[in-house]
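Working notes, beginning with the structure itself.
Position 1 is the first residue of the sequence; numbering continues from there. This structure is a prediction, so every number in the text was calculated from the model and none was measured. Side chains are part of it too, since the values below use all heavy atoms of this structure and drop only hydrogens, waters and symmetry mates. Indexing begins at 1, ligand by ligand and atom by atom, following the structure's order.
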Amino acid sequence: MILSIESSCDDSSIAVTDIKTKKLLFHKKISQELEHSKYGGVVPELAARLHAVTLPKILEDAKAYFDDLKAIAVTNEPGLSVTLMEGVTMAKALGISLKLPLIAVNHLKGHIYSLFIEKEVLFPQTILLISGGHTAIIEADSFHDIKVIASSLDDSFGESFDKVAKMLSLEYPGGPIVEKLAREGDENRFAFTIPLSNSPKLAFSYSGIKNQVRLQIEKIDRNSKKDIADVCASFQKTATAHLLQKCKKYFRQKNIKDFALVGGASANLYVREKFQNLCREFDITMHTAKLRYCSDNAAMIGRYACEAYEKAVFTPLEELKANPRSTF
Ligand code: KG4
Ligand code: ZN
């Protein structure tokens with residue numbers, strides 16, 4: 001079995017996965033959303049202090065598996081420097097005390113492996129990663145061959161939902177609440193411009209749309225539920241149209257059979273439905289992770305680590321470091 005740890009942002013999570021069967025034997029996650037909500041976003045130092053309390057608590061519950069462990073896996077990149085350090089330090093301590101090898105896991109690859117929790121891997125696959133930190137088209141051909149094809153020039157898809165929510169004085173994280181309010185709104189009421197729609201570039205940008213929404217919010221009645229719902233719906237429509245436009249462009253260039261949506265924002269049902277329609281148009285099979293494995297979790301880190309273990313990809317203790325800014 002492998003014990004995996006995730007603390008790249010505001011979720012403390014630990015999982016235990018059976019290496020041979022890939023069965024998830026233990027999985028616990030404590031989110032800090034409530035604690036960060038009053039600040040309208042994640043406060044790194046507060047997040048790190050909370051991980052320092054919650055990770056040892058979760059670990060206590062996983063103790064029954066200690067005798068059967070073969071390795072310790074941990075997210076070491078990318079993420080918030082101070083929060084990554086909490087997980088990395090715990091992994092090192094466990095590696096030393098239990099005399100087990102360490103497996104460093106890239107968080108983005110972890111999101112890809114969220115597709116394969118308790119399942120066999122399926123490659124090649126074209127992946128759209130939409131999270132709070134990233135918006136990227138990724139080609140995943142095998143464990144060793146994963147490359148980014150397109151990424152964001154500025155903000156990410158999930159982050160733009162968080163920022164719109166903050167501008168409307170809604171809670172953090174903004175994604176689920178904006179999606180919920182959008183369901184009641186008129187998505188055609190406000191015409192926001194789709195970013196980079198005239199650019200041939202395969203890239204994403206979310207900073208412009210955020211400013212358009214800000215200007216619109218200044219003109220609406222902040223006490224009107226209808227106005228707020230209409231802003232959410234119109235924003236969500238445009239933000240999603242941007243993803244669809246660029247992916248469509250890529251689908252036209254490449255013969256794709258399997259496409260997957262991963263990352264925290266892939267839990268958005270509006271986005272899932274729109275991509276389902278696009279995939280149907282191109283005769284592509286669409287894959288998604290179970291809703292509970294879309295946002296950050298240790299189960300996906302453990303699933304990736306099972307593959308790493310079988311390929312004997314370990315990280316020497318002295319080389320295990322937190323790399324906040326790395327991609328792949
Ligand atoms: O993958 P994740 O848990 O953390 C990162 O790796 O960043 O993604 C969190 C992000 C947040 O920005 C959150 O607002 C967004 O995913 N998110 C959503 C939805 N649920 C979460 N965005 C849009 N619609 C949702 N339903
Ligand atoms: Zn994530």
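Proximity to E159 (heavy-atom distance under 4.0 Å) selects the following atoms of ligand 1: 12 (O). Per-residue contacts place G133 under 4.0 angstrom from the following atoms of ligand 1 (heavy atoms of the residue considered): 7 (O). Contact atoms of ligand 1 toward G158: 12 (O), 14 (O) (distance under 4.0 Å to a heavy atom of the residue). Shown in contact with S295 at under 4.0 Å from a heavy atom are these atoms of ligand 1, numbered in order with element: 3 (O). The distance from ligand 1 to the heavy atoms of S131 drops below 4.0 Å at these ligand atoms: 1 (O), 5 (C), 6 (O), 7 (O), 8 (O), 10 (C).
Taking the charged nitrogens against the carboxylate oxygens, K166 and E159 have no contact shorter than 4.0 Å, which rules out a salt bridge. Salt bridge R49/E45: absent, no basic N to carboxylate O contact under 4.0 Å. One finds a salt bridge joining K254 and E139 here, because a Lys/Arg side-chain nitrogen approaches an Asp/Glu carboxylate oxygen to under 4.0 Å. Ion pairing between a basic and an acidic side chain is recognised when a charged N comes within 4.0 Å of a carboxylate O; K248 and E281 show such pairing. A salt bridge links E307 with K311: the closest approach of a Lys/Arg side-chain nitrogen to an acidic carboxylate oxygen falls below 4.0 angstrom. Ionic pairing of K23 and D18 is not present here: no N-O contact between side-chain nitrogen and carboxylate oxygen is shorter than 4.0 angstrom.
Listed by chain and residue number, the protein N/O/S atoms under 2.8 Å of the Zn ion (ligand 2) are H107 NE2, H111 NE2, D296 OD1, with waters left out.
Assignment of H107 to the shell around ligand 1 is supported, since a heavy atom sits closer than 4.0 Å. Ligand 1 has H111 within reach: a non-hydrogen atom of the residue lies less than 4.0 Å from it. In this structure, C9 does not count as a contact residue of ligand 1, since none of its heavy atoms falls inside 4.0 Å of the ligand.
Within the 6.0 Å centre-distance limit, the rings of F161 and F235 are counted as a close aromatic pair. Here Y206 and F157 bring their ring centres to under 6.0 angstrom of each other.
When hydrogens are left out, the protein atom nearest atom 21 (C) of ligand 1 is G264 O, 3.4 Å; that is the closest non-hydrogen contact. Counting protein heavy atoms only, atom 24 (N) of ligand 1 is closest to N268 ND2, 3.0 Å. Among all non-hydrogen protein atoms, the one lying nearest atom 26 (N) of ligand 1 is E179 OE1, 2.8 Å. Nearest to atom 10 (C) of ligand 1 among the protein's heavy atoms is G132 N, 3.3 Å. Among all protein heavy atoms, the one lying closest to atom 25 (C) of ligand 1 is G175 C, 3.5 Å.
Under a 4.5 Å side-chain heavy-atom criterion applied to ILVMFWY residues, the cluster that includes L215 comprises that residue alone.
Residue F161 places no N or O, backbone or side chain, under 3.5 Å from any N or O of ligand 1. Taking distance alone, with nitrogen or oxygen atoms compared against 3.5 Å, G263 stays at or beyond that limit from ligand 1.
T288 contributes atom OG1, which lies 12.5 Å from atom CG of L128 (distance to the nearest 0.5 angstrom).
Looking at I301 and Y113, their side chains never come closer than 4.5 Å, going by heavy atoms from C-beta outward. K22 places none of its side-chain heavy atoms less than 4.5 Å from the side chain of F116. At a threshold of 4.5 Å between non-hydrogen side-chain atoms, the residues L3 and F66 count as touching.
Using modelled atom types and a 3.5 Å distance limit, the side chains of S169 and R222 yield a donor-acceptor pair.
Taking only non-hydrogen atoms, the option from D296, T75, D11, D162 nearest to atom 14 (O) of ligand 1 is D162.
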